[in-house]
Amino acid sequence: MLTINLIREKKEFIIERLKVKNFKAEEIINRILALDSSRREIQSKTDMMQGEMNRISKEIGALLKDGKRDEAEAAKEKTYSLKEEIKSLSDKLIPIDNDLKNEIIRLPNLPHESVAPGHGADDNVKVREGGIMPQLSETALPHWYLIKKYDIIDFDLGIKLTGAGFPVYLGKGAKLQRALISFFLDEGEKAGYREVMPPIMVNEDSGFGTGQLPDKEGQMYHATLDNFYLIPTAEVPVTNIYRDVILSADMLPVKNIAYTPCFRREAGSWGAHVRGLNRLHQFDKVEIVQIAHPDHSYLSLEDMVAHVEGLVSKLELPYRILRLCGGDMSFTSALTYDFEVWSAAQKRWLEVSSVSNFESFQANRLKCRFKEKGDKQTRLAHTLNGSALALPRIVAAILENNQTESGIKIPHVLIPYTGFDMID
RNA sequence: GGAGAAAUGGCAGAGCGGUCGAAUGCGGCGGUCUUGAAAACCGUUGAUCUGUAUACACGGAUCCGGGGGUUCGAAUCCCUCUUUCUCCGCCA
């Protein structure tokens, strides 16, 4: 969420910037400013009265100590009406505080100045591309046939065990998952990330911290008996490590990497393009998360983009990097790069990673701050994250792009991890 | 799951109705000493909101696990939730 100070000081700037995200902010901001000023007015009144109250209470203490009972009783009389007033004022404050908070969290993050306006995927800006497009024969198969042909992923079995979108990986299919996870984690470690293995269920506070709650709860599986949520991404537990934490500036950037399964209900998003591995309820992903100094967070972002680019290159997949336009960016992001790999039999680009800088937007919810050495003041840190990488679509692309008459070739970098060079 | 105990500043740990944002120790920061370092000694040491000449300088408010209550006044008393520890049970 945006800070109230920014809203107070840069109202017009915010309204202009949010136009890039096609968001009309003026009305909300006016409501926020009105609520904020009445909040402050009431708050400073109650603060004054409370101060008076504290003064009298101390006085009573002193009088009683001196044995002046009557004077103490007289002083008590004075507090009764004051107490009433304080109570009624602070009762007024509660709904105002709530309304204010509810309004503020409705404002999306400001897009970075490099973000182009636009309404959807067509307006995204291609930054660069790489890799070699494979030439497949006429008889090339999309991955949903390949997985049956080689018996490596079984969707029907998943339906039996759980439901649609919960595949069962078998034999070399399972090993390929394990190989990719290890490969991604090892590459992350080489790039200076600390490996983290977090819980895959989180509480409400964590859901709020990274912005899944209160709005997107329909997208998460909810264990209602204990009020836990299955994580949609490792971003949630890993970023929440830094909730209510004050870091020292010399620790930044903090770099963590985590493998977790991810669970998404994907309510209402099933359609023609979601066959096979393209969209699942449960999938595996390795996520990188950085907490950065505001002055250097865009360096961190570039560093993360370079890391992900290294991964897709090493896997020998044709890819392109897009800078998302305002309309295609998430609510919380200031700047997002999407990575897509070419899935040669489907003849489609598949999104496999989304790397974002949230600047202080998440940090403000999380209260993730840092302090410069010798400085009294705390400041909000910047948070960033990106997939490095999500597995299913990478697997889809590997299967499709590397298919041959005699089987599916495993990319060279993975062979030490799989222990085989061919799925056949 | 049952019984009991506890939750205080970065950490350890006192306080158990008024002068407590909180003793003391450790740690951190600054200094003295030293060629330098250590030791010793001295000083300093949280967060949030808010007012003023927008200055973290001064003033006010709030925060002792979370929420609620009693009281003129709560870290201290009561209720409730959460968490941790010990014992018993169960268990990968």
Side-chain angles (χ1 to χ4, degrees), chain A residues 1-11 32-101 103-105 197 199-209 213 223-229 237 240-252 254 291 360 363-381:
Chain A
M1 66 193 200
L2 299 175
T3 62
I4 186 68
N5 280 336
L6 188 76
I7 299 170
R8 271 183 215 146
E9 283 160 23
K10 299 201 168 168
K11 174 185 166 183
I32 290 171
L33 291 175
L35 286 165
D36 178 54
S37 70
S38 57
R39 197 205 111 241
R40 278 198 285 173
E41 197 188 314
I42 296 173
Q43 182 72 60
S44 67
K45 259 190 215 164
T46 49
D47 280 0
M48 274 172 59
M49 288 186 198
Q50 194 58 251
E52 176 69 5
M53 193 76 168
N54 290 344
R55 222 203 73 240
I56 297 174
S57 292
K58 276 188 185 170
E59 218 173 86
I60 292 172
L63 288 170
L64 286 175
K65 210 172 183 182
D66 294 344
K68 298 176 181 166
R69 282 202 84 85
D70 294 346
E71 284 177 56
E73 284 305 318
K76 272 193 198 180
E77 293 292 328
K78 279 196 285 185
T79 64
Y80 298 139
S81 62
L82 202 54
K83 206 182 175 185
E84 288 291 306
E85 280 181 77
I86 291 171
K87 176 89 174 104
S88 83
L89 275 182
S90 49
D91 281 351
K92 259 201 225 166
L93 206 56
I94 294 164
I96 291 174
D97 267 339
N98 285 337
D99 289 353
L100 185 60
K101 194 178 175 195
E103 293 290 346
I104 291 177
I105 62 175
M197 194 178 267
I200 57 174
M201 283 186 160
V202 293
N203 59 27
E204 252 177 308
D205 285 345
S206 295
F208 179 83
L213 296 174
T224 51
L225 202 56
D226 296 291
N227 200 22
F228 294 151
Y229 293 87
N240 271 283
I241 292 172
Y242 301 95
R243 168 155 51 84
D244 292 318
V245 168
I246 301 172
L247 297 153
S248 71
D250 55 19
M251 290 169 74
L252 303 175
V254 173
I291 313 291
S360 61
N364 191 31
R365 282 182 162 232
L366 292 159
K367 298 290 170 263
C368 169
R369 292 157 297 174
F370 73 97
K371 206 187 258 193
E372 215 82 54
K373 213 180 170 82
D375 217 335
K376 272 204 152 185
Q377 216 170 345
T378 60
R379 293 169 64 192
L380 291 171

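All heavy atoms count here, side chains included; hydrogens, waters and symmetry mates do not. Letters go in sequence order (proteins before strands), and every chain restarts at 1.
- Spacing between atom CD of A:E9 and atom C1' of B:rU54 amounts to 10 Å, rounded to whole angstrom units.
- Both A:A62 and A:T378 lie close to RNA chain B; mapped to their nearest nucleotides by heavy-atom distance, the more 5′-ward contact belongs to A:A62.
- The CG atom of A:D36 sits 7 Å away from the P atom of B:rU50 (whole-angstrom rounding).
- OP1 or OP2 of B:rU50 sits under 4.0 Å from a side-chain N or O of A:R8.
- Distance NZ/A:K367 to CD1/A:I246: 11.5 Å, rounded to 0.5 Å.
- For the P atoms, the distance from B:rA40 to B:rC26 is 9 Å, rounded to whole Å.
- A pairwise comparison of heavy atoms in A:R365 and A:G209 identifies CB-O, 3.5 Å as the closest pair.
- If you measure from atom CG of A:D205 to atom P of B:rU82, you get 14 Å, rounded to the nearest angstrom.
- Rounded to the nearest Å, the gap between the C1' atom of B:rG31 and that of B:rA47 is 27 Å.
- The separation of B:rG21 from B:rG46, taken at their C1' atoms, amounts to 9 Å, rounded to a whole angstrom.
- Rounded to an integer number of Å, the gap from CZ of A:F370 to P of B:rA47 is 14 Å.
- Non-hydrogen atoms lying under 4.0 Å from RNA chain B are contributed by A:K83, all within residues 81-93 of chain A.
- The side chain of A:N54 places an N or O atom within less than 4.0 Å of a non-bridging phosphate oxygen (OP1 or OP2) of B:rA61.
- Using a 4.0 Å heavy-atom criterion, one finds that A:K371 contacts the sugar-phosphate atoms exclusively.
- Separation of atoms OG (A:S37) and CD1 (A:I32) is listed at 12.0 Å; rounding is to 0.5 Å.
- Taking the P atoms as reference points, B:rG25 lies 11 Å from B:rC41, given to the whole Å.
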TODO: Determine, stepwise, if the pair A:Y229 / A:L213 fulfils side chain to side chain contact (heavy atoms under 4.5 Å, CB included).
DONE: CA-CA 10 Å; A:Y229 293 87; A:L213 296 174; 3.7 Å; yes

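- Taking the C1' atoms as reference points, B:rA22 lies 33 Å from B:rA38, given to the whole Å.
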Sequence neighbours excluded and cut-off under 3.5 Å, please list the side-chain donor-acceptor pairs for residues 73-92 of chain A, or say none.
residue : atom : partner : partner atom : Å
A:T79   : OG1  : A:K76   : O            : 2.6
A:K87   : NZ   : A:D91   : OD1          : 3.4
A:S88   : OG   : A:E85   : O            : 3.2
A:S90   : OG   : A:I86   : O            : 2.9
A:S90   : OG   : A:K87   : O            : 3.2

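- Nucleotides B:rU76 and B:rC64 are separated by 8 Å at their P atoms, to the nearest Å.
- Residue A:I56 is classed as having no contact, given no heavy-atom separation below 4.0 Å to the nucleic acid.
- Among the protein residues, A:Q50 comes within range of the sugar-phosphate backbone only, with heavy atoms under 4.0 Å from sugar or phosphate atoms but none that close to a base.
- If you take CG on A:L247 and OH on A:Y242, they are separated by 7.0 Å, rounding to the nearest 0.5 Å.
- We find that CD of A:E73 is positioned 14 Å from P of B:rU71, with the value rounded to whole Å.
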- [ ] Test A:I96 against A:I42 for side chain to side chain contact (heavy atoms under 4.5 Å, CB included), laying out the working first.
- [x] CA-CA 10 Å; A:I96 291 174; A:I42 296 173; 3.6 Å; yes

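- Note that the SG atom of A:C368 and the CZ atom of A:R379 stand 13.0 Å from one another [nearest 0.5 Å].
- Atom CG in A:D226 sits about 10 Å away from atom P in B:rU83, given to the nearest Å.
- From A:K10, atom NZ reaches atom OG1 of A:T3 across 10.0 Å, with rounding to the nearest 0.5 Å.
- Within the nucleic acid shown, A:T79 comes within 4.0 Å of sugar-phosphate atoms alone, with no base atom in reach, counting heavy atoms only.
- Between B:rC49 and A:R40, no contact under 4.0 Å exists linking OP1 or OP2 to a side-chain N or O.
- Listed by first residue number, the stems of RNA chain B with at least three Watson-Crick or G-U pairs below 3.5 Å are B:1-7 with B:82-88, B:10-12 with B:24-26, B:27-32 with B:40-45, B:46-52 with B:57-63, B:65-69 with B:77-81.
- One distance of note links OG of A:S360 with CG of A:L366; it measures 11.0 Å at 0.5 Å rounding.
- Contact annotation: the side chain of A:N227 never approaches that of A:N203 to less than 4.5 Å [non-hydrogen atoms, C-beta and beyond].
- Nucleic acid contact class of A:R369 (heavy atoms, under 4.0 Å, all strands): sugar-phosphate only.
- Side-chain atoms of A:D47 lie closest to B:rG60 of the nucleotides B:rU50, B:rG60, B:rG73.
- Nucleotide B:rG73 holds its C1' atom 18 Å from the CE atom of A:M49, rounded to whole Å.
- Distance check on atom C1': B:rU8 versus B:rG4 gives 22 Å, rounded to whole Å.
- When heavy atoms are screened at a 4.0 angstrom cut-off, A:M53 is found touching the sugar-phosphate backbone but no base atom.
- If you take NZ of A:K58 and C1' of B:rG17, they are 15 Å apart, rounded to a whole angstrom.
- If you take atom C1' in B:rC16 and the same atom in B:rC78, they sit 14 Å apart, rounded to whole Å.
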